[in-house]
Each structure stands twice: as structure tokens, then as C-alpha cells.
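To start, the structure itself, in C-alpha cells.
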Amino acid sequence: MKLGRFHIYTCLDGFFRLDGGAMFGVVPRLLWQRTNPPDEKNRILLALGCLLIDTGQYRILIDTGVGEKGDEKFHQIYGINRSPCLKASLARYNLSPEDIDIVVNTHLHLDHAGGNTRLEEGKLVPAFHKAEYFIHEGEWKEALSPNERTKASYLTENFLPLKDSGRLRLVREDALEIIKGVSLIRTGGHTPFHQCVRLESEGQTALFLADLVPTTSHIPLPYIMGYDLFPLDTLQKKKELLGKAQEDGWLIIFQHDPLVRAGYLKKTGDKIELAEKVSL
Ligand SMILES: [Zn+2]
């Protein structure tokens with residue numbers, strides 16, 4: 001799809017499953033199970049979404065999915081089905097990992113940063129070996145000194161090898177335009193330094209929501225993941241960013257929705273809803 005001068009494409013690293021209760025926080029199963037049918041282990045299906053932006057000058061990849069390093073047990077716990085895997089998704093656009101100039105991680109959880117690195121002759125190396133990796137410095141620090149609640153989501157093999165590669169760019173700003181028209185916006189909420197990505201070209205705007213609003217089912221304000229460390233920050237940023245997206249007609253892009261890649265919002269009374277689905 002074209003967004004001004006940019007071309008944007010969604011790339012999947014397959015699908016996985018997470019506990020439905022954890023995905024919807026305080027919202028009872030009775031309300032989410034119809035649109036998100038859980039399996040016998042109470043898990044719901046989620047996409048492992050990534051976003052590819054071709055600015056004409058640079059190819060930028062937002063997040064890298066779960067990657068290929070997990071063992072059988074890891075695949076079972078998260079119900080991972082990597083078809084198509086990220087490499088195959090890129091190949092559909094005639095691209096290989098070396099064509100990527102910039103990788104952005106919205107945060108460093110295993111379903112967002114897993115494909116950052118891969119094993120090459122027994123050594124962990126950047127999977128996108130020509131790319132610079134943009135990661136918020138605050139998120140980097142959180143990931144390297146997790147607490148008892150956060151440590152299961154951070155696997156150092158996904159990001160620590162970047163440090164010695166000379167390709168790591170730690171972001172300190174709450175809003176940073178890394179390339180003209182591509183901005184990282186810190187939202188906090190899910191993790192204290194979680195970032196969304198805003199794209200602007202020739203008057204058109206898109207917002208990659210990452211885990212601020214992981215699926216279309218999370219558009220209603222109280223639908224906030226139980227995983228979020230600061231749910232009231234999520235609430236505040238959802239109000240702010242979804243409100244702006246609706247008012248200004250931004251394209252919004254969902255990372256984890258198993259069916260819907262993107263769409264536009266409308267306001268009915270004081271409720272913000274999905275008005276139109278868009279495939280990328
Ligand atoms: Zn996620």
C-alpha cells in the first residue's frame with residue numbers, strides 16, 4: 001500500500017497463542033470469547049506482525065517476530081506456527097534480510113525482538129546484518145535487568161548480541177524522527193518505554209500501534225492487556241492516540257490481530273470504533 005511517497009507492507013512471522021484472560025485484563029471471558037475463540041488451553045490466536053516501510057531511500061523493518069531460535073517446548077507453550085516466517089514474508093516482496101537498512105524494536109519482548117538475531121555456526125549474530133537497530137535506551141535497560149514479573153518476556157539472546165555488533169542505536173527521546181517521516185513515539189504502558197511508530201508522507205499519516213492496541217478487539221478503552229505494567233498509562237495513551245487517529249483520519253496498523261492488518265476509525269457517540277478494514 002502507498003502512504004504518500006512511502007510503500008508500506010505488513011510482514012508476518014507466523015502466528016502464536018497467548019492466554020485469552022491475560023490478553024484482555026479485567027474484561028471477562030464472556031465478552032471477548034465470541035470474537036476471539038479460545039482453544040482448549042484458553043489461548044487465543046494472534047499474529048506475529050511486523051511492518052516493512054520502503055521510503056524510496058531506506059527499507060525499515062518494525063519488529064522481527066518470534067524468530068527461529070526457540071526449541072520445541074518454546075513452540076508448544078506459545079502455540080507458535082511460523083508459516084509464513086518473516087524471511088518468507090520478505091521474500092514475497094523480493095527482499096532478503098540484507099536488504100533491510102533499519103530495524104526498529106517497539107520493545108524487546110520475545111514476540112517482537114525474537115528475529116533480531118540468529119545462530120550462525122554456533123554464534124549469535126544480527127539477523128539483519130547490514131541494518132542499524134533502533135531500540136529505546138530505557139527498554140534496553142529494563143530488558144537487561146528484569147524483575148520476577150518481567151523476566152520471562154525478555155530473552156537476552158534476542159538483543160544482547162547487538163551490543164558488540166556496532167549496529168545498536170539506543171534512543172533517549174520520547175519522540176524521535178529517525179528518518180524524515182518515520183517517528184518513534186514512546187507510549188509506556190505495556191512496558192515503561194514501549195514505542196509506537198508514526199509514519200507521515202505527503203499529508204498522509206499511519207500509526208503502527210504495537211502493543212498499545214494489539215488487536216481490533218482492544219480498541220474499546222477498557223480492553224487493556226493484563227500483561228501491561230502500567231495499565232493506566234496505556235489507557236491515557238489510547239485515549240490520546242486513538243482520538244487523534246480518528247480525528248485526523250490516520251491509518252492504524254495492528255500488530256497482533258489474526259485477521260485485520262489495518263484500518264480507519266470512526267466515532268459513534270463518544271465511542272471510537274473501527275470504520276473500515278484495510279489490507280496491506
Ligand atoms: Zn506483543
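Ligands are counted one by one from 1 in listed order, and the atoms in each one are counted from 1 as well.
A ring-centre distance under 6.0 Å is not found for H109 and Y227.
The pair E132-R167 does not meet the salt-bridge criterion, since no charged nitrogen lies less than 4.0 angstrom from a carboxylate oxygen. Salt-bridge annotation for E240 and K237: present, with a side-chain N of the basic residue lying under 4.0 Å from a carboxylate O of the acidic one.
The Zn ion (ligand 1) is the vertex of the angle joining OD2 of D211 and NE2 of H256, which measures 120° to the nearest 10°.
To the nearest 0.5 Å, atom NE2 of residue H218 and atom CD1 of residue I224 are 9.0 Å apart.
When distances to the Zn ion (ligand 1) are checked against a cut-off of 2.8 Å, H112 contributes an N, O or S atom below that limit. Not one N, O or S atom of H107 sits under 2.8 Å from the Zn ion (ligand 1).
The atom name of the N/O/S atom in D111 closest to the Zn ion (ligand 1) is OD2.
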